[in-house]
Protein chains: 2
Amino acid sequence: MDTPAPRRRMRADARRNYERLLAEAATAFAEHGADFSLEEIARRAGVANGTLYGHFPTRRALLEALLGDRMRALAANGADLLDHPSPFDGLAVWARTAMSHAATYRGLGTAFMQAVQDETAELHTACQAVLSVAEDLVARGRAAGAVRQDVTAPDLYALINAAAWAGEQGSAPQGERLLAFGLDGFRTPS
Amino acid sequence: MDTPAPRRRMRADARRNYERLLAEAATAFAEHGADFSLEEIARRAGVANGTLYGHFPTRRALLEALLGDRMRALAANGADLLDHPSPFDGLAVWARTAMSHAATYRGLGTAFMQAVQDETAELHTACQAVLSVAEDLVARGRAAGAVRQDVTAPDLYALINAAAWAGEQGSAPQGERLLAFGLDGFRTPS
DNA sequence: ACCTGAACACCGTTCAAGT
DNA sequence: ACCTGAACACCGTTCAAGT
């Protein structure tokens with residue numbers, strides 16, 4: 001149901017290769033991180049080297065195809081949480097979701113941090129959408145006096161990805177702890 | 001004055017190669033990060049490939065030679081700060097120093113997180129010393145009621161390295177902001 | 001005791017040739 | 001329109017041969 005669909009009609013064999021590549025990439029990235037060898041992914045998909053590059057000219061394009069939809073869903077989820085009774089809790093709940101999303105593959109935090117800055121990155125639009133909803137959540141928290149006035153959307157974005165990164169290094173709980181402490185640091189002192 | 005000295009006596013040519021390799025590695029890592037090609041470093045040092053491996057069997061050994069002394073100095077600096085009039089500020093000052101130290105080369109945060117867990121890592125002892133002083137600083141803060149009871153040394157260690165990581169990605173100030181928010185999250189709510 | 005440089009296995013990326 | 005597989009340039013690591 002959430003097989004990412006290519007943008008346009010494709011020949012049947014092309015479509016099959018496209019989907020095999022995505023499937024192999026998904027399991028390989030999940031197991032070995034987003035830096036896993038593209039050559040090996042092509043091999044596992046039973047496809048020549050150049051075929052992979054034909055469909056995904058860069059590793060980031062492959063990541064976009066794998067994660068783009070989910071990132072847009074994450075942005076939508078954040079927009080929903082603007083209705084949360086507690087501005088602070090709404091932000092915190094979303095941040096935890098975003099972090100576990102960034103922990104899908106090892107190395108994603110780095111990819112997300114770069115993509116949001118690099119306008120040519122395939123993931124740029126999706127990351128911008130996420131940053132934008134972060135902005136809304138932070139603004140609401142500030143307006144309600146629940147979040148410190150000097151907290152910005154890039155702060156939240158960086159915290160989420162840094163916590164995901166820490167989870168990849170040490171242990172997953174370490175990432176969650178870091179996120180929790182950081183979020184508490186965002187709080188207006190009482 | 002802080003040229004790291006090899007452990008034992010060496011032949012004159014060996015010593016020269018050793019020092020050239022260290023010097024080239026230092027400038028290359030500073031400019032391009034700690035993942036820079038070892039082959040290219042050997043080339044710049046005017047030395048054959050295998051010579052580098054003779055002196056530094058692994059990239060981590062090279063990092064240890066470059067950073068070990070400074071890491072031990074960092075640990076000593078933390079011990080001094082146990083005398084700081086404010087337990088919280090002492091911890092915070094040290095954390096900022098530690099973070100700027102972890103920002104010496106791009107990629108160091110990752111190396112430090114791995115080294116502290118992997119007992120076979122050349123940097124393990126140095127990282128343990130740093131973790132140990134983090135433990136002392138946190139314990140003092142907790143005892144004084146300035147730091148939350150559930151904060152641990154690994155939390156502080158992870159925060160420092162994650163903030164350094166965030167500074168490598170986005171911008172350096174972003175790393176400092178993250179550290180500041182995280183440290184505030186460590187604070188006992190007033 | 002130390003250095004050299006070739007050897008091996010691997011990777012990303014491109015591109016002419018095929019169908 | 002798409003696929004193939006070779007080609008190129010690069011890297012980490014090891015090791016026999018030299019001095």
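For the pair B:R11 and B:N49, nearest-nucleotide mapping onto DNA chain C gives the more 5' position to B:R11. Nearest-nucleotide mapping onto DNA chain C: of B:D13 and A:R59, the residue sitting toward the 5' end is B:D13.
Among the heavy atoms of the strands lying under 4.0 Å from A:T51 is at least one base atom, whether or not backbone atoms are also near. A:G54 comes within contact range of no nucleotide atom at all, as no heavy-atom separation falls under 4.0 Å. No contact: A:R16 has no heavy atom under 4.0 Å from any strand.
Taking atom OH of residue A:Y18 and atom C1' of nucleotide D:dC3, one finds them 17 Å apart after rounding to whole Å.
For the pair A:N161 and B:W165, the minimum side-chain heavy-atom distance is below 4.5 Å.
Remark: A:R148 is not positioned above the aromatic ring of A:F186, lacking an NZ or CZ atom under 6.0 angstrom from the ring centre and at most 45 degrees off the axis.
The side chain of B:A48 approaches C:dT4 more closely than any other nucleotide in the set D:dG12, C:dT4, C:dG12. Distance from the side chain of A:Y53 is smallest for C:dT14 among the nucleotides C:dC2, D:dC11, C:dT14. When distances run from any side-chain atom of B:N17 to the nucleotides C:dC3, D:dC2, D:dT13, the shortest one goes to C:dC3. The side chain of A:H55 lies closest to D:dC3 when the candidates are D:dC3, C:dC3, D:dG12.
Here D:dA1 sits opposite C:dT19 as a Watson-Crick or G-U wobble pair (both hydrogen-bonding atom distances under 3.5 Å). In this structure, C:dA6 and D:dT14 make a Watson-Crick or G-U wobble pair, each of the two defining distances being under 3.5 angstrom.
To the nearest 0.5 Å, atoms CD (B:E176) and OG (B:S100) are separated by 8.5 Å.
For B:H101 and B:F112, the ring centers sit closer than 6.0 Å to each other.
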